[in-house]
Number of protein chains: 2
Amino acid sequence: MPIGRPREFDTETALELATALFWRKGYEGTSLSDLTETLGITRPSLYAAFGNKEALFRRVLERYEAKAGAYRTKALKAPTALEVARQLLEGAAELHGDKANPVGCLGVHGALACSDDAAMIRREMSAHRIAGEAAIRRRLTRAKAEGDLPADASPSDLARYLSVVLYGMAVQSVGGASRAELRRVAAIALRQWPKGAR
Amino acid sequence: MPIGRPREFDTETALELATALFWRKGYEGTSLSDLTETLGITRPSLYAAFGNKEALFRRVLERYEAKAGAYRTKALKAPTALEVARQLLEGAAELHGDKANPVGCLGVHGALACSDDAAMIRREMSAHRIAGEAAIRRRLTRAKAEGDLPADASPSDLARYLSVVLYGMAVQSVGGASRAELRRVAAIALRQWPKGAR
DNA sequence: GGAGTTCTATATCGATAGGTACAATAGTCT
DNA sequence: AGACTATTGTACCTATCGATATAGAACTCC
């Protein structure tokens with residue numbers, strides 16, 4: 001059976017460019033015209049390759065979580081709760097302080113996604129955020145069981161606190177905070193970390 | 001000189017309704033149809049009364065800062081740096097944990113405002129956020145001079161940290177965090193506050 | 001060299017965005 | 001009453017949104 005005309009653009013580089021766009025402007029702030037112009041692709045090509053805007057965004061989200069969010073999964077593997085927290089906070093400082101990256105955060109953008117048309121996207125991103133916080137909470141629960149956190153420490157409260165600081169750093173980076181400034185925020189946020197028995 | 005036909009709606013209640021809309025959906029997520037429908041006003045009436053969408057948003061922003069942001073100005077008047085921080089953090093917990101209020105935060109929404117059309121709004125809100133952080137910094141600088149913060153404390157770093165937690169709490173509230181949960185986040189964020197000499 | 005298949009380009013779809021022209025209406029002034 | 005002024009409702013403007021119909025171009029298979 002015939003194969004058909006080959007695609008004239010590389011989908012991976014297209015996804016990379018789309019990621020940068022969505023990262024900077026959010027889901028609704030990025031129009032199809034933005035996408036086709038930046039990717040150098042016509043509208044029908046984009047639809048043939050990715051389905052529609054929403055499906056493209058999902059693909060982008062995967063890439064984003066795999067790349068930009070890698071520090072999170074890595075941090076959760078750190079040996080101690082303190083180290084987990086430190087890697088999470090400093091990882092966020094590195095990510096959002098990197099001038100090569102767009103400011104902001106896909107997750108936060110999605111959280112506040114604007115109109116009702118994007119309700120589906122908003123719900124989905126909300127689920128992602130909750131899952132991310134839950135992963136931290138589970139890790140801290142384990143840490144507490146291991147005596148790595150004091151007995152009166154609340155893993156869920158600490159996980160929520162970490163999430164709050166992480167998202168706050170993303171917002172702060174939109175205002176142009178430098179990497180060094182974000183690092184100092186991370187250091188302050190870490191100063192109160194409860195000491196474990198180990 | 002004649003006065004003309006009297007306005008059939010109250011601009012204050014209209015602004016109140018518009019505030020709720022913008023608060024929940026952001027600047028770009030709120031359409032003129034949303035506004036006219038919710039306010040019970042026709043399009044030309046809205047334009048005659050407020051100019052255009054952008055001008056209306058500015059009016060709304062004033063109200064928002066005066067009402068929802070009142071806790072901030074009040075907190076800055078607290079006698080000690082610790083009390084300032086405590087009132088800021090707990091005030092945010094009360095505000096964002098109030099089920100009567102829309103989730104999120106006009107300021108954070110504006111920070112991430114979507115498309116390029118809203119660049120003006122975005123810049124303006126960014127300036128507001130920076131001004132807010134600067135106000136905290138000035139207050140903490142005074143606190144340090146008064147011996148209310150240790151000599152090695154950095155007012156600007158602490159102000160940035162407070163801003164980060166404040167914005168993070170707003171984002172967290174979108175995910176449905178309760179007032180009690182936000183209060184505990186505030187408590188954790190406060191635990192590390194540097195002790196002054198006084 | 002077709003046949004079959006998939007991509008590309010033009011041109012366009014209906015829906016909605018923010019914003020207005022215009023005439024009718026409702027009030028205060030002299 | 002009549003002049004003047006501001007608001008109101010209808011109906012419409014242009015621009016852009018996301019998404020497609022259609023036709024031609026480029027490729028592999030037989």
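All of these numbers come straight from a predicted model, not from anything done at the bench. Chain letters run A, B, ... following the sequence lines, proteins first and then strands; every chain starts at 1.
In this structure, A/L46 places its CG atom 10 Å from P of D/dA19, rounding to the nearest Å. Atom pair A/I41:CD1 and C/dT10:C1' shows a separation of 17 Å (rounding to whole Å applied). In this structure, the CG atom of B/D10 is 15 Å from the C1' atom of D/dT7, given to the nearest Å. Protein atom CZ of A/F9 is 17 Å distant from nucleotide atom P of D/dA26, rounded to whole Å. In this structure, the CZ atom of B/F50 is 18 Å from the C1' atom of C/dT20, given to the nearest Å. Distance A/Y27 OH to D/dC17 C1': 12 Å, rounded to the nearest Å. Between the C1' atom of D/dC17 and the CD atom of B/E28 lies a distance of 12 Å, rounded to the nearest Å.
With no hydrogens or angles considered, a side-chain donor-acceptor pair links B/R43 and B/S33 at under 3.5 Å.
At a threshold of 4.0 angstrom between heavy atoms, the contacts of A/P44 include nucleobase atoms, whether or not backbone atoms are also involved. Note on A/N52: only backbone sugar-phosphate atoms sit closer than 4.0 angstrom, heavy atoms only; bases stay farther off.
In this structure the side chain of B/R129 reaches within 4.5 angstrom of the side chain of B/Y167, judged on heavy atoms.
Taking the side chain of A/S31 as heavy atoms from C-beta on, and the options C/dA17, D/dG18, D/dT8, the nearest nucleotide is D/dG18. Each of C/dT8, D/dT28, D/dT8 was ranked by its minimum atom distance to the side chain of A/I3; first place goes to D/dT28. Distance from the side chain of B/Y47 is smallest for C/dG19 among the nucleotides D/dG9, C/dA9, C/dG19. Of the candidates D/dA19, D/dT8, C/dG27, D/dA19 carries the atom nearest the A/K53 side chain, counting heavy atoms from C-beta on. Nearest nucleotide to the side chain of A/L32, out of D/dA19, C/dT8, D/dC17: D/dA19. Picking from D/dT8, D/dC17, C/dG27 the nucleotide with the shortest atom distance to the side chain of B/S45 gives D/dT8.
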Side-chain atoms of residues 95-103 of chain B: list all donor-acceptor pairs with protein atoms under 3.5 Å, sequence neighbours left out, distances to 0.1 Å.
unit_1: B/H96; atom_1: ND1; unit_2: B/G104; atom_2: O; d: 3.2
unit_1: B/D98; atom_1: OD1; unit_2: B/A100; atom_2: N; d: 2.8
unit_1: B/N101; atom_1: ND2; unit_2: B/L95; atom_2: O; d: 3.2

Using a 3.5 Å cut-off and no angle test, enumerate the donor-acceptor pairs between side-chain atoms of residues 133-140 of chain B and protein atoms at least two apart in sequence or in another chain.
unit_1: B/E133; atom_1: OE1; unit_2: A/Q172; atom_2: NE2; d: 2.7
unit_1: B/R139; atom_1: NE; unit_2: B/L76; atom_2: O; d: 2.9
unit_1: B/R139; atom_1: NH2; unit_2: B/A78; atom_2: O; d: 2.6
unit_1: B/R139; atom_1: NH2; unit_2: B/P79; atom_2: O; d: 3.1

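For A/R5 against C/dT6, a side-chain-to-base donor-acceptor contact under 3.5 Å is absent. Residue B/R43 places a side-chain atom within donor-acceptor reach of the base of C/dG18, judged by atom type and a 3.5 Å distance cut-off alone.
For B/S33 and C/dA17, the shortest distance from a side-chain N or O to OP1 or OP2 is below 4.0 Å.
Checking each of A/V165, A/V164, A/L162 against B/V185 for a side chain to side chain contact (heavy atoms under 4.5 Å, CB included) leaves exactly one that passes, namely A/V164.
With DNA chain C read from its 5' end, the first of the two nearest nucleotides for B/E8 and B/D34 is the one closest to B/D34.
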